[in-house]
**Student:** 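The structure under discussion is supplied below as structure tokens; questions concerning it will follow.
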Amino acid sequence: MEPPGSPAAALPPRPRGAPKRGRGRGRAARRPHVTVDSSKAKTSLEALKISLRQLRWRECPFGRRLPCDIYWHGVSFHDNDIFSGQVNKFPGMTEMVRKITLSRAVRTMQDLFPEEYNFYPRSWILPEEFPLFVAEVRMMKENDPAWKPTFIVKPDGGCQGDGIYLIKDPSDIRLAGNLQSRPAVVQEYICKPLLIDKLKFDIRLYVLLKSLEPLEIYIAKDGLSRFCTEPYQEPTLKNLHQVFMHLTNYSLNIHSGNFIHSDSVNTGSKRTFSSILYRLSSKGVDIKKVWSDIISLVIKTIVALTPELKVYYQSDIPTGKPGPTCFQILGFDILLMKNLKPMLLEVNANPSMRIEHEQELSPGVFENVPSPVDEEVKVAVIRDTLRLMDPYKKKKKDNLSQPSEPASEKKEQLSEGGSTDKLEHDSSKNPEASLPSPCLKQVFPKYAKQFNYLRLVERVAALFIRFLGVKGTTRLGPTGFRTFVRNCKLSNSNFSMATVDILYIDITRRWNSMGMDHKESGMCLQAFVEAFFCLAQKRYKSLPLHEQVATLIDFCEYQLVTLDERRLVCSRGITERRPALVTCQPDGLHLTPAHHAPLLNRTAATNKLADYRSHRL
Ligand code: ADP
């Protein structure tokens, strides 16, 4: 008998149709079993177990004395202390997708690229932006007296529709209550959603953020559609409070007497998204366009989240220190408008992976029963995420990889039929060949060329991270900010170092007074981004904001590359004891001023700059 814990003892029975196991000599048999720590999987445990059985991987339900290949956390990155392998959560993701943080991150992008980011409803953060909310609504009403808006108020950090209410006028906000202790986002309510069977519904799509550096995003081909249980009417004072008409949350609608459980994927109150698309396409809707808009929404949203995620990442897993690599399945909640435009409602860092639902046996008495719709979609998402993260396949792929045309050079039409990992299909060598084709499709870097121009804040974040100095921090101190200004040669007769200090103090104080996290002092990334935009606007007055920012980033990156080169020359000069070509100063202050290279003028120096940039993105 095999000792417990040995790989052979842990082998699950061979699924029907799976290739036979060899006696340890065949290629497939020699491949070690991937180990997955499921001890912190919480409510995703059932779906994870099924996925592991299908893959014939090894589950470690109580953890393992030796490190595992993959750690599956139900809640957050910090569920376990891990120093190796891969973990299914990014540090900081939960904070990043909270309603207020997400709204702020998207708003920064809306300031830069208003057209590209019009998939997120206009939002205000309460209580701090209440006066702004009142003033802007008044102004918009004056400009367009026919505009009769509705707003939705959502408490920050809330979920499952908790504490959400609709209002017709800013004065209806329940300010007297606990807004100070429980801040919220107030958002324009989308009054004309697409209806099916007269019901409002939303889409839960699963997105895999496979890696931050380089950015890799996959989208699941199928998702879930969650239906309201009362026929929809546009909001009026009379129906504003009717949650079963306006809110699509499963957790709310399950309690309506009208909720329909169905074992079929295309009927009932929860259906597959593919069944909706099928129905729409039979009515002549161009579903390729719907998909391409959804893909674009997902990529743009992740582009908005990435800068701050990178700050969290370097703080929790500093370069050079042992740590796991991360990936994460995100739940995107999307509403299709009547004109089929997808709108982002929210992003969930811990989308429910439960594959059972509650059924009310008698009034107030609930029982958990299997949900075939959930199982079909969620098991595929977990299993195919694991397949993509397979550490042995990765190694094999790394060994096989040939230099090829970068994905960003190919401009393709966005479609849900994006590329999958080629190795997946190599059925002669791959024991996974008996599994269904992967449900996750790569969308980034596949479509990188169409979206890279949006990644400006990510480059600002790279500057921020460079000047953070102390490993493990997420805040920039005043000295770090001064060094940034000095090294990038941003101060001049119009912008003295005293002005730099005032800018730092003003912006940092304001951001820290509205932040919920008072643990760390110093300048957070958003404050740095604001300061950076401010500097860009001062320097390049006549340009649109995104060009001002892009030009200043180019300028800063150029200065830093030049500085690094000079430092390198200096250090070589010292080691080789040769006279240095330039007068070396540690802060780079006394160099001959380099000309700021225009954006499209590729001199030798800008090519170096391009190399530098491609390394950083
Ligand atoms: P929660 O995290 O509490 O579920 P959501 O932001 O997902 O909060 O909102 C709950 C529900 O309210 C959504 O599923 C959707 O049906 C509805 N909803 C949210 N925002 C809007 C909006 N701007 N316009 C129309 N409906 C919305």
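Remember, it's a predicted structure, so these values are computed and weren't measured experimentally. Indexing begins at 1, ligand by ligand and atom by atom, following the structure's order. All values below come from the heavy atoms of this structure, side chains included, with hydrogens, waters and symmetry mates left out.
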**Student:** Classify the side-chain pair K42/N350 by whether it contains a donor and acceptor separated by less than 3.5 Å.
**Tutor:**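 Result is no, nothing qualifies.
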**Student:** Does R271 make a cation-pi contact with F227, if we ask for NZ or CZ under 6.0 Å from the ring centre and within 45° of the axis?
**Tutor:**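 Yes, R271 sits over the ring of F227.
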**Student:** Going by the order shown, which atoms of ligand 1 are within less than 4.0 Å of some heavy atom of P121?
**Tutor:**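 Listed by number with element: 23 (N).
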**Student:** Looking only at distance, does Q160 have an N or O less than 3.5 Å from an N or O of ligand 1?
**Tutor:**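 Between Q160 and ligand 1 (N or O atoms, distance only) the closest approach is under 3.5 Å.
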**Student:** Under 6.0 Å from the ring centre and within 45 degrees of the ring axis: does the NZ or CZ of K40 meet both conditions for the six-membered ring of Y71?
**Tutor:**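 Not satisfied by the 6.0 Å and 45° rule.
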**Student:** Would you check if there is a donor-acceptor pair between the side chains of D202 and T248 at a distance under 3.5 Å?
**Tutor:**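 Judged by distance alone, the side chains do pair up.
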**Student:** Which heavy atom of the protein is the closest neighbour of atom 11 (C) of ligand 1, given with residue, atom name and distance?
**Tutor:**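 It is N249 OD1, 3.3 Å.
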**Student:** Considering only heavy atoms of K99, which atoms of ligand 1 have at least one such atom less than 4.0 Å away?
**Tutor:**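 Ligand 1 atoms under the 4.0 Å threshold to K99: 1 (P), 2 (O), 3 (O), 6 (O), 8 (O).
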**Student:** For atom 18 (N) of ligand 1, what is the nearest protein heavy atom, given as residue, atom name and distance?
**Tutor:**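 Here the nearest protein heavy atom works out to I152 CD1, 3.6 Å.
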**Student:** For atom 24 (N) of ligand 1, what is the closest protein heavy atom, and at what distance to 0.1 Å?
**Tutor:**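 For atom 24 (N) of ligand 1, the nearest protein heavy atom comes out as I190 N, 2.8 Å.
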**Student:** Quick one: which of T150, L247, L335, V186 has a heavy atom closest to atom 12 (O) of ligand 1?
**Tutor:**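 Ranked by closest heavy atom to atom 12 (O) of ligand 1, first place is L247.
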**Student:** Please confirm whether G161 comes within less than 3.5 Å of ligand 1 when only nitrogen or oxygen atoms on both sides are compared.
**Tutor:**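 Yes, there is a polar N/O contact under 3.5 Å.
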**Student:** Minimum heavy-atom separation for Y313 to P324, with atom names?
**Tutor:**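 Closest heavy-atom pair between Y313 and P324: OH-O, 3.9 Å.
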**Student:** Ring centroids only, cut at 6.0 angstrom: are F528 and F464 within range, meaning strictly under it?
**Tutor:**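 Aromatic pair counts; centres sit under 6.0 Å.
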**Student:** Find all atoms of ligand 1 within a distance of less than 4.0 Å from any non-hydrogen atom belonging to L345, and give their numbers and elements.
**Tutor:**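 So the answer, numbered in order with elements, is 13 (C), 15 (C), 19 (C), 20 (N), 21 (C), 22 (C), 27 (C).
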**Student:** Do the side chains of K310 and E213 get close enough for a salt bridge, i.e. N-O under 4.0 angstrom?
**Tutor:**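 Yes, K310 and E213 are salt-bridged.
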**Student:** Quick check on contacts: which atoms of ligand 1 are under 4.0 angstrom from a heavy atom of I164?
**Tutor:**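 So the answer, numbered in order with elements, is 3 (O), 8 (O), 9 (O), 10 (C).
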**Student:** What about H546 and F113, are their ring centers closer than 6.0 Å?
**Tutor:**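 Judged by ring-centre distance (under 6.0 Å), H546 and F113 do meet the cut-off.
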**Student:** Which is closest to atom 20 (N) of ligand 1 in terms of heavy atoms, K154, R122, E188, R98?
**Tutor:**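 Looking at heavy atoms only, K154 sits closest to atom 20 (N) of ligand 1.
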**Student:** Provide the number and element of each atom of ligand 1 under 4.0 Å from a heavy atom of G158.
**Tutor:**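 Those qualifying, in numeric order: 2 (O).
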**Student:** Apply the test salt bridge (Lys or Arg N to Asp or Glu O under 4.0 Å) to residues R279 and D197: give CA-CA distance (whole Å), side-chain angles for both, the deciding distance (0.1 Å), then the verdict.
**Tutor:** CA-CA 11 Å; R279 196 158 154 175; D197 300 334; 2.6 Å; yes
**Student:** Kindly identify the option in E346, R226, K192 whose heavy atom sits closest to atom 7 (O) of ligand 1.
**Tutor:**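 Comparing heavy atoms across E346, R226, K192, the nearest one to atom 7 (O) of ligand 1 lies in E346.
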**Student:** Which of the atoms in ligand 1, numbered in the order shown and given with their element, are less than 4.0 Å from a heavy-atom of D202?
**Tutor:**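 Matching atoms, with element in brackets: 14 (O).
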